[in-house]
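Take a look at the structure below.
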Amino acid sequence: MRNRGEIECWLTDMDGVLVHENNPVPGAAELLQQWREEGKPYLVLTNNSIFTPRDLSARLRASGLEVPESAIWTSALATADFLKEQVPGGSAFVIGEAGITTALHEAGFIMTETDPDYVVIGETRNYSFEAITKAIRLIGNGSRFIATNPDATGPSADGPMPATGAVAALITKATGRQPYIVGKPNPMMFRSALNKIGAHSETTGMIGDRMDTDIVAGIEAGLHTVLVLTGISDQKEIDRYPFRPHEVLDSVADLLNK
């Protein structure tokens, strides 16, 4: 097993690891400061495709955490990165918010409702029946089906709300076509993150709070995996899975140099 001391770069999930309901997890600010002082490249990863890195950086700053936008990697950025590689200068019909539309624009994509190369489904607070109908018809006519992430629900102040995975399932039911999902647990999201900071899997650690996305994808991408118990998973949840993280810690505070 790899020694944590050999880790040169870090990838970390955001919600449940660094912040919990917009409050910083104790130790998170100090860990980010420690990485800065040690000159360790890091990226904060999120499956949320609503916000741009600039939005997320501002939200984290409001929570008391300093994370520059260049250190944030979203499922929207990973999706745009993947599509740019597949069809440079391609076209897409998008259901989503600024996070995914901005990422695709910056990747050189054209947004269109006429015979697009791709139909891309991302997170949004306002799913329109008209837009979903359009997506179904375009996929039926041959556009390839992409989803930024598989999460079926997302959190809100009033409880769970339907998210990308739920809307993608509706479109799958209507078209018989499964989307290609770029975000976690697809290890591709981690590989594109590693490329962004010039990291190697053998010397990179992944910190997450979910066994079903962060840890399984980290293992499949060949990373040193650290599960923290400040988010979704507890010991009972860990025991349900046939794989194990390399380390289980109470929180990111346990990663601080003593």
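Keep in mind that what you see is a predicted model, and the values were worked out from it rather than measured. Atoms considered below: every heavy atom in the structure, side chains included; atoms not considered: hydrogens, waters and symmetry mates.
Partners of Arg240 under the side chain to side chain donor-acceptor pair (under 3.5 Å) rule, at least two apart in sequence or in another chain, are Glu237.
The backbone N or O of Thr46 lies less than 3.5 Å from no partner atom in the side chain of Thr74, so there is not a single donor-acceptor pair. Proximity of a side-chain donor or acceptor of Arg244 to a complementary backbone N or O of Ile238 within less than 3.5 Å is detected. The backbone N or O of Arg59 sits less than 3.5 Å from a side-chain atom of Ser63, completing a donor-acceptor pair.
Looking at Glu247, Glu6, Glu202 one by one, the single match for side chain to side chain donor-acceptor pair (under 3.5 Å) with His224 turns out to be Glu247. Of the residues listed (Leu255, Leu32, Leu31, Leu43), the one engaging Trp10 in a side chain to side chain contact (heavy atoms under 4.5 Å, CB included) is Leu255, and it is the only one.
Sequence neighbours left out, the pairs with a member in residues 214-231 that pass salt bridge (Lys or Arg N to Asp or Glu O under 4.0 Å) are Lys184-Asp214.
Proximity of Val120 to Leu83: side-chain heavy atoms (C-beta onward) are separated by under 4.5 Å at one or more points.
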> Are Asp117 and Gln86 close enough, and set up right, to give a side-chain hydrogen bond (donor to acceptor under 3.5 Å, both in side chains), and what steps lead you there?
Replying inline: CA-CA 10 Å; Asp117 296 311; Gln86 291 279 307; over 6 Å; no
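Residues Ser91 and Asp115 approach most closely at OG-O, 4.2 Å, considering heavy atoms.
Taking the six-membered ring where the residue is Trp, Tyr180 and Phe82 present tilted rings, their angle falling between 30° and 60°. Ring planes of Tyr118 and Phe109: tilted class, angle from 30 to 60°.
Taking the charged nitrogens against the carboxylate oxygens, Arg61 and Glu66 do have a contact shorter than 4.0 Å, which makes a salt bridge.
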